[in-house]
Amino acid sequence: MSQVRVRFAPSPTGFFHIGSARTALFNWLYARHMGGKFILRIEDTDKERNSEAFLNVILDSMRWLGMDWDEGPGMGGPHGPYFQSQRTELYRTKLRELADKGRAYEKDGAWWLRLEGARSRAHDEHLKRDYEKVDSPPMVLDDLVRGRVERAEDRDFVIFRSNGEPVFHFVNVVDDIEMRITHVIRGEDHLSNTSKHVELFRAFGVEPPRYAHIPLILKSDGPGKMSKRDQGALIEEYQRRRFLPEAVRNYLCLLGWTPADGKEVLPIGEIVRQFDLKEVHQSNARFDERKMSHVNAQTLRGLPAAEFAALARPILLETKVIDASVSDARLAEVLGIVQEKVISLEHLPEFMGFFFTADFKQDEGAKANLTKKGGDPVARVRELLPALEAAEWTEPALEAAFAAVGAANNRKPTDYFAPVRFGISGQGGGPHLLSVLRVLGRERSLARLRAYAS
RNA sequence: GCCCCCUUCGUCUAGCCCGGUCCAGGACACCUCGUUUUCACUGAGGUAACUGGGGUUCGAAUCCCCAAGGGGGCGCCA
């Protein structure tokens with residue numbers, strides 16, 4: 001069997017949404033799994049909306065998600081150019097080829113594909129009354145994910161507009177032929193178009209590729225498939241919100257495909273190894289950002305500390321939580337207790353800002369919670385302070401101090417936890433309190449608690 | 001209107017091809033309890049589904065038919 005060649009063929013509209021990303025991803029996965037080629041072809045035939053900036057939206061997101069292409073923009077390749085806008089001469093040549101064969105004809109200034117046999121609706125006036133069903137064997141498509149699908153194309157259709165430009169179906173097929181595409185993996189919204197495409201392949205006398213129509217991604221709330229306008233539909237949003245690209249990619253894989261062993265968070269190499277079109281689902285999936293967040297959090301936790309630090313430092317610098325003077329060692333100390341609790345890099349600044357400044361914000365919700373519980377947090381801190389001041393600054397010793405004060409005041413040690421946390425960080429949650437105290441350090445911790453208690 | 005595809009917990013799904021091991025398993029979310037914090041961590045539990053109706057069969061989530069629901073396509077858009 002010859003080498004697998006798949007392509008992703010977006011049109012640069014200025015958006016790169018999650019559905020396109022998933023289609024690209026499945027193509028990429030299949031190419032990598034099969035040791036084939038992944039081709040990126042830009043369908044920029046629509047001159048109205050076509051610019052370098054729009055193209056870059058796509059290329060940036062592709063790179064961010066780690067989908068590298070073997071042929072296409074910036075890569076070249078033996079079947080270029082990879083921009084349809086540069087292939088217009090080819091399309092004219094191919095149209096002429098069909099016309100010469102009698103498979104294309106002109107009508108109203110446009111060019112139409114003539115279907116074979118009785119199905120062709122010639123433009124003769126007397127046939128124009130339209131629609132009498134023509135008995136013809138349906139096209140049988142053996143789709144790699146949907147199995148046997150039957151559909152008959154029963155009317156001629158336009159392949160070249162009267163303005164001289166070819167239509168999508170035509171260029172798509174011509175390019176797939178020229179680029180030797182072996183498998184077409186695309187959204188189910190193209191399933192009904194496939195009969196047109198197969199007709200075109202046959203008209204050219206070329207064996208059609210194998211098709212795999214993958215399920216669509218539905219919007220998380222209302223009806224219908226996800227569109228550019230929906231919340232969370234654009235890849236760049238997740239980039240901006242500092243999701244890990246590998247986590248977004250991982251989640252996208254889960255929309256329409258399931259790892260055999262049920263382990264959902266896994267490295268891309270493992271996904272490439274396991275992925276197969278035969279296991280792609282047939283039904284549409286609803287997008288769920290909460291699950292994607294979960295995948296993100298899990299992935300974050302699994303990162304080696306050095307890698308986590310390399311991601312965190314620029315974010316903390318940018319948000320002025322730290323400045324360049326903060327050493328790697330100090331940062332590592334703080335990140336060490338933060339990494340397993342935080343769910344997104346986006347939250348890092350607010351989550352750990354208090355380690356680097358005493359001038360932190362007080363969380364109103366947490367504050368309300370403190371008093372709602374009935375106790376007086378300031379009084380608790382006052383009761384505790386002497387014991388902390390006397391304690392050796394290690395977690396076991398601090399723990400013992402909490403216990404002793406609790407016992408002396410007939411309280412649970414944990415009654416002191418929330419007030420202390422709030423006093424030193426202004427927050428209601430965070431890493432384990434004893435480790436926060438340890439990492440924050442004795443002087444800073446005590447100073448903040450004294451200030452809080454007064 | 002015509003055509004095509006799909007249909008298991010709220011959501012993502014396993015199981016369906018090769019009917020009994022499924023009073024349906026996992027994950028997210030939610031709830032409860034625990035972990036020396038109220039937490040986004042972590043641990044243990046819990047609520048929750050085979051769209052409906054007919055068949056076939058000793059037996060159906062699994063096979064067949066119909067209906068309903070959902071999605072998509074029907075353009076000189078891509």
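Here the structure is a predicted model, which means the values were calculated and not measured.
- Here the separation of B:G26 from B:G15, taken at their C1' atoms, is 11 Å to the nearest Å.
- At a threshold of 4.0 angstrom between heavy atoms, the contacts of A:H213 with the nucleic acid are absent.
- Nearest to the side-chain atoms of A:A285 among the listed nucleotides B:G71, B:C28, B:C12 stands B:C12.
- A:S283 comes within contact range of the sugar-phosphate backbone alone, with a heavy-atom separation under 4.0 Å but no base atom that close.
- A salt bridge does not link A:E71 with A:R7: every distance from a Lys NZ or Arg NE/NH1/NH2 to an Asp or Glu carboxylate oxygen is 4.0 Å or more.
- Ion pairing of A:E178 with A:K94 is present here, as a side-chain N (NZ or NE/NH1/NH2) and a carboxylate O approach within less than 4.0 Å.
- Distances from the side chain of A:H190 to the nucleotides B:A78, B:G26, B:G72 place B:A78 closest.
- Nucleotides B:A61 and B:G25 place their P atoms 14 Å apart, quoted to the nearest Å.
- Within 4.0 Å (heavy atoms only), A:G256 reaches sugar-phosphate atoms of the nucleic acid but no base atom.
- At a threshold of 4.0 angstrom between heavy atoms, the contacts of A:K412 with the nucleic acid are absent.
- Partners of A:H281 according to the side-chain hydrogen bond (donor to acceptor under 3.5 Å, both in side chains) rule, which considers only residues two or more places apart in sequence or in another chain, are A:T258.
- Between A:K219 and B:U11 there is no side-chain polar atom (N or O) within less than 4.0 angstrom of OP1 or OP2.
- Residue A:L433 is in base contact, counting any heavy-atom pair closer than 4.0 Å across all strands shown.
- At the phosphate of B:C5, neither OP1 nor OP2 sits under 4.0 Å from any side-chain N or O atom of A:Q282.
- Nucleic acid contact class of A:P215 (heavy atoms, under 4.0 Å, all strands): none.
- Using a 4.5 Å heavy-atom cutoff, the side chains of A:H197 and A:P208 are not in contact.
- Between the C1' atom of B:U13 and the CE atom of A:M292 lies a distance of 18 Å, rounded to the nearest Å.
- For the pair A:H281 and A:P419, nearest-nucleotide mapping onto RNA chain B gives the more 5' position to A:H281.
- Judged by distance alone with a 3.5 Å cut-off, no donor-acceptor contact links the side chain of A:K291 to the base of B:A29.
- If you take CG of A:D189 and C1' of B:C74, they are 13 Å apart, rounded to a whole angstrom.
- Judged as a side-chain contact (heavy atoms from CB on, under 4.5 Å), and not counting sequence neighbours, the contacts of A:Q362 are A:K367, A:F422.
- A donor-acceptor contact under 3.5 Å is formed by the side chain of A:R421 with the base of B:U37.
- Using a 4.0 Å heavy-atom distance criterion, A:G224 is classed as a sugar-phosphate-only contact.
- When heavy atoms are screened at a 4.0 angstrom cut-off, A:N172 is found touching no nucleic acid atom at all.
- Scanning for side-chain contact (heavy atoms from CB on, under 4.5 Å) contacts around A:Q427 gives A:F354, A:S425, with sequence neighbours left out.
- To the nearest whole angstrom, the two P atoms, one in B:A60 and one in B:U51, are 15 Å apart.
- Remark: A:E289 pairs with A:R241 by the salt bridge (Lys or Arg N to Asp or Glu O under 4.0 Å) rule, at least two apart or across chains.
- Between B:G75 and A:H169, no contact under 4.0 Å exists linking OP1 or OP2 to a side-chain N or O.
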Report all side-chain donor-acceptor pairs from residues 214-228 of chain A shorter than 3.5 Å, counting only partners two or more places apart or in another chain.
unit_1 : atom_1 : unit_2 : atom_2 : d
A:K219 : NZ     : A:D230 : OD1    : 3.3
A:K225 : NZ     : A:D189 : OD2    : 3.4
A:S227 : OG     : A:D230 : OD2    : 3.3

Letter by letter from the 5' end, nucleotides 40-51 of chain B scores (B base, S sugar-phosphate only, - none; protein heavy atoms under 4.0 Å) BBS---------
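- Using a 4.0 Å cut-off, some side-chain N or O of A:R161 falls inside it from OP1 or OP2 of B:A78.
- Checked by distance alone, A:S192 brings no side-chain donor or acceptor within 3.5 Å of a matching partner on the base of B:C3.
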